[in-house]
*Asks:* 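Handing you this structure, nothing more for now.
Lettering of chains follows the sequences in order, A, B, ..., and the numbering in each one begins at 1. Given the structure is predicted, the values throughout are model-derived calculations rather than measurements.
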Protein chains: 4
Amino acid sequence: MKSMRRIAKENQILDAAERIFSEIGFRNTRMEDIAREIGMSKGSVYFYFESKENLYMAVTYRAFEELIRGYKACSASTKDENGKTAVVELFRYHLDFCENQPGYYALLMNYMSLARAEEEKNADMALSEAMRDSTYFRKIRNLRDLPLEIVVSEIVRGQEDGSIRNKKHPHLLYLSAWAQVAGFTEIRSTSRKNRKSTVLNVSVAEWREYTFELMSRVLDDLAA
Amino acid sequence: MKSMRRIAKENQILDAAERIFSEIGFRNTRMEDIAREIGMSKGSVYFYFESKENLYMAVTYRAFEELIRGYKACSASTKDENGKTAVVELFRYHLDFCENQPGYYALLMNYMSLARAEEEKNADMALSEAMRDSTYFRKIRNLRDLPLEIVVSEIVRGQEDGSIRNKKHPHLLYLSAWAQVAGFTEIRSTSRKNRKSTVLNVSVAEWREYTFELMSRVLDDLAA
Amino acid sequence: MKSMRRIAKENQILDAAERIFSEIGFRNTRMEDIAREIGMSKGSVYFYFESKENLYMAVTYRAFEELIRGYKACSASTKDENGKTAVVELFRYHLDFCENQPGYYALLMNYMSLARAEEEKNADMALSEAMRDSTYFRKIRNLRDLPLEIVVSEIVRGQEDGSIRNKKHPHLLYLSAWAQVAGFTEIRSTSRKNRKSTVLNVSVAEWREYTFELMSRVLDDLAA
Amino acid sequence: MKSMRRIAKENQILDAAERIFSEIGFRNTRMEDIAREIGMSKGSVYFYFESKENLYMAVTYRAFEELIRGYKACSASTKDENGKTAVVELFRYHLDFCENQPGYYALLMNYMSLARAEEEKNADMALSEAMRDSTYFRKIRNLRDLPLEIVVSEIVRGQEDGSIRNKKHPHLLYLSAWAQVAGFTEIRSTSRKNRKSTVLNVSVAEWREYTFELMSRVLDDLAA
DNA sequence: TATGAATGAGAGTTCATTCAT
DNA sequence: AATGAATGAACTCTCATTCAT
């Protein structure tokens, strides 16, 4: 049983690690950086996390946990609304999450990449072997599909309650909507370091709203 | 004046580098890997490219060059069609390009990140300093905005010839369309290592076509 | 605050570095050599000194410190004697120092060279840039002129108390005397590896004494 | 038999090598530097000199040759003067030579060091083994003692003709005088990069003259 | 628990030297 | 004779990891 103190320390390390990993990437991050960030010694970090990869996976795991907590809360808060509203809110939440947790998007994508590589027994990535060996890697498996499932079930609900008139396969709708959010996040993040509110002279806020308007329209399938 | 032989060798190296960088990333790639891939010694690679960062930027430069060659060709081949068709074809070309040149997408995005970091004098990325110092980095500056300009001019043409009824700012339309393509590429690539033709039980070909259908619809702005 | 243990280790490394640098020169010395000399690993040396140049400058700094400590002690011990005696003793001390600290002379001269190159913004010496960037390089600046100042003030004292009848400019006397000591050290060191007590069939001890006799005579200026 | 053309090329290389070796030292000099300096390729240099060490020794050899040519000329031109004058002129020539051939002094000293190391079978200097293996190294042996012998014979002549009243062992006188010249050269060279005409506010020309005045006085032995 | 030290396996880069043309 | 290429050993420096205290 982990003590309160231990959990607190672990979270402190995870915070720092998340910050730095997402800023400069896994390989560019030194354990020393993480330790210094919280006034700790390198050795101590190893007391809590057995390896760099393990720490990285722990960060990813925590991020998944939090994301899913949010998905569930979001889903719960819209259970009285129609399916379409629920879906849009879920993506809105997702986008907010990425915006507020810099680099979270990268963690998620990287995990997906690793998971895929495992299924395919792709031995290309020697480095990531250690990641897949991490206990956290396996713990994430129990979570990773939840966001998908939650969104898809809301899509189905929407198709049933008539708010989503688009009758394409729910997975296709999910992918289309997610691609839009992912693309927005990716392009936005490429120019994110500063907090500039415009990209190419377009107000980010406007672009963002338009993204959701398009998503909404897709679900409406007005054109079909 | 570079000899034919030299250019051929450089391209051979660039090919190998592109392959490996895109497979396992910049940091994970060893110069030795690249050299061995083409049966060369480490030292020889340095005869052609002064540093790892320089080589990386050279790869990026070549990718930009090729991309733009394609954009121009694509644009030329649709000059008799209406603007909307031209725009869709450009994105279709872009997506094909990313699909066929594994990792190209990452190169492009990474460059944008570096360029942005430079404008903001963001010293976070110590590693990338050497990249920005590369002569290729500066050569790319003359190219990087061409794709944007080409697409935007076609959008404008489409708005003028009536094929693009959506009267939003061309930049906003560009971003929306590009986000869709970028998102598709990103998600697709996360599960690309093998040549599986389905993601989440959805046929990739179908998803792909649907992406263009949605893009087309956005330009039509049927719902507006 | 540096621990006792740390300081001891640093000095152990400095000892080894001084030994090897002076034996085979800066460029010929490998960090590995220094580490092995004291049964340490390469990496550990880097724990204490951030670079080879930094280590070299640290060695130089320590040498300066010790030299000056000696100058001061020597000067203090002759404060009741006349100026000429004080001057001769200072040079005698200097020569002893060079004799006992093999290669010290080279360190001192190299530093002077670097310092000069800096003032002249001479970019010839690419290698030494890192040396000038060392924190130790700047620390030495506060010390480097002390020997000169001490000797010159004793020369002035000697001219005032009548023991140094030579009325030439104190700096000229300093240079003339120092040249003699420097020349002796240089020639002697060229054939120093062994402890042979003769050079060209001349007893080194005799030559040495004669050097001081000549110096003494210059200060007396008997011939003027 | 070496062709004219070959000898010319060799000398061109030797010129460049002498310049660069003396500026930045043996280890810091790259064969490429030397080749580029005269618009030649690295490979070509190897056609004329089998190794870097061999080239270095060739430079040294040529320097010795020239020095000795000068010694002989100088000696011949003073054969009608008394011994003391001849000695002073020889040292004056030596000093001029060092002043005009930057780095020559280092070459000479380095050779002495190598020669000494050989006699003592000192295996410290692994690098220099190749130098001692050079054919030029052995050729120098036939020359190296000539300057000493010439000076010493003039000293003896001076002692006999009464111009050198100092009756100390000629070798001791030689060492004392040479030390003075060597010290002057060393200190002067430390601050030589620019052509400043003062050191420590002392006019170099004045210091130089004073050096010879002192030397002259030593030979006179006025004080004895 | 925590930390300062120590380690050692690389990784990027340099450069003397060789070789094919 | 000359050169552009190619090589590989050597070297500096990094950093994840371990360990003694």
Side-chain angles (χ1 to χ4, degrees), chain A residues 3 5-6 9 26-35 39-56 127 130, chain B residues 2-3 5-6 9-10 27-35 38-55 127 130, chain C residues 2-3 5-6 9-10 27-35 38-55 126-127 130, chain D residues 3 5-6 9 26-35 39-56 126-127 130:
Chain A
S3 78
R5 223 178 114 60
R6 166 143 197 159
K9 275 280 184 201
F26 179 74
R27 277 296 297 262
N28 292 326
T29 299
R30 290 172 302 160
M31 289 302 259
E32 177 94 28
D33 294 336
I34 295 169
M40 208 179 228
S41 78
K42 239 192 316 185
S44 302
V45 174
Y46 276 89
F47 181 80
Y48 294 98
F49 297 94
E50 63 190 11
S51 76
K52 193 182 171 186
E53 282 82 5
N54 184 253
L55 174 55
Y56 184 79
L127 210 184
Chain B
K2 284 181 186 174
S3 77
R5 245 184 93 63
R6 169 147 194 152
K9 265 288 184 207
E10 282 183 3
R27 279 294 300 263
N28 291 326
T29 300
R30 289 174 301 155
M31 288 303 259
E32 179 99 29
D33 294 337
I34 294 169
I38 49 180
M40 214 179 216
S41 80
K42 230 184 341 176
S44 301
V45 175
Y46 278 92
F47 180 79
Y48 293 95
F49 297 94
E50 64 191 12
S51 73
K52 193 180 173 186
E53 283 83 4
N54 185 255
L55 174 54
L127 209 182
Chain C
K2 284 180 185 175
S3 77
R5 246 183 93 63
R6 170 149 193 151
K9 266 288 183 208
E10 283 183 2
R27 279 294 298 264
N28 292 325
T29 300
R30 289 173 302 155
M31 289 302 259
E32 178 100 28
D33 294 337
I34 295 169
I38 50 180
M40 215 180 213
S41 79
K42 227 183 344 178
S44 301
V45 175
Y46 278 92
F47 181 79
Y48 292 97
F49 298 94
E50 63 191 13
S51 74
K52 194 181 172 185
E53 283 83 5
N54 185 254
L55 174 55
L127 210 183
Chain D
S3 77
R5 221 178 117 60
R6 166 144 196 158
K9 275 279 183 200
F26 178 75
R27 278 296 298 262
N28 292 326
T29 299
R30 289 171 303 158
M31 290 301 259
E32 176 94 28
D33 295 337
I34 295 168
M40 208 179 228
S41 80
K42 239 192 316 185
S44 302
V45 175
Y46 275 90
F47 181 80
Y48 294 98
F49 297 94
E50 63 190 12
S51 75
K52 193 182 172 186
E53 283 82 4
N54 184 254
L55 174 55
Y56 185 80
L127 209 182

*Asks:* For C:Ser51, which residues count as a side-chain hydrogen bond (donor to acceptor under 3.5 Å, both in side chains) partner, sequence neighbours excluded?
*Replies:* none
*Asks:* Could you pull out all residues at least two apart from C:Arg5 that satisfy side chain to side chain contact (heavy atoms under 4.5 Å, CB included)?
*Replies:* C:Ser3
*Asks:* Could you measure the distance from the CZ atom of A:Arg6 to the OH atom of A:Tyr48? Nearest 0.5 Å is fine.
*Replies:* 6.5 Å
*Asks:* Side chain of C:Ser41: nearest nucleotide among E:dG8, F:dA6, E:dA2?
*Replies:* E:dG8
*Asks:* Within this structure, what is the CZ-to-P distance between B:Phe47 and F:dT7, rounded to whole angstrom?
*Replies:* 12 Å
*Asks:* Summarise protein proximity over nucleotides 13-21 of chain E in one line of letters, 5' to 3': B for base, S for sugar-phosphate only, - for none, counting protein heavy atoms closer than 4.0 Å.
*Replies:* BBSBBB---
*Asks:* Within the 4.0 Å heavy-atom criterion, would you say D:Arg5 contacts the bases, only the backbone, or no part of the nucleic acid?
*Replies:* sugar-phosphate
*Asks:* Residues two or more places apart in sequence or in another chain: which of them pass side chain to side chain contact (heavy atoms under 4.5 Å, CB included) with C:Tyr46?
*Replies:* C:Met31
*Asks:* Between atom OH in A:Tyr48 and atom P in F:dA16, what is the gap in whole Å?
*Replies:* 20 Å
*Asks:* Output yes when a side-chain donor or acceptor of C:Lys52 lies under 3.5 Å from a complementary backbone atom of C:Thr29, and no otherwise.
*Replies:* yes
*Asks:* OP1 or OP2 of E:dG4 versus the side-chain N and O atoms of C:Lys9: is any pair under 4.0 Å?
*Replies:* no
*Asks:* Between NZ of C:Lys42 and CD of C:Glu32, what distance do you get to the nearest 0.5 Å?
*Replies:* 5.0 Å
*Asks:* Could you state the NZ-P distance from B:Lys2 to F:dG4, rounded to the nearest angstrom?
*Replies:* 15 Å
*Asks:* What distance separates A:Met40 CE from A:Phe47 CZ, expressed to the nearest 0.5 Å?
*Replies:* 10.0 Å
*Asks:* Sequence neighbours excluded, which residues qualify as side-chain hydrogen bond (donor to acceptor under 3.5 Å, both in side chains) partners of A:Glu50?
*Replies:* none
*Asks:* For DNA chain E, just give me the dot-bracket, please: Watson-Crick or G-U, both distances below 3.5 Å, ( ) intra-strand, [ ] crossing earlier pairs, | paired with another strand, . unpaired.
*Replies:* .||||||||||||||||||||
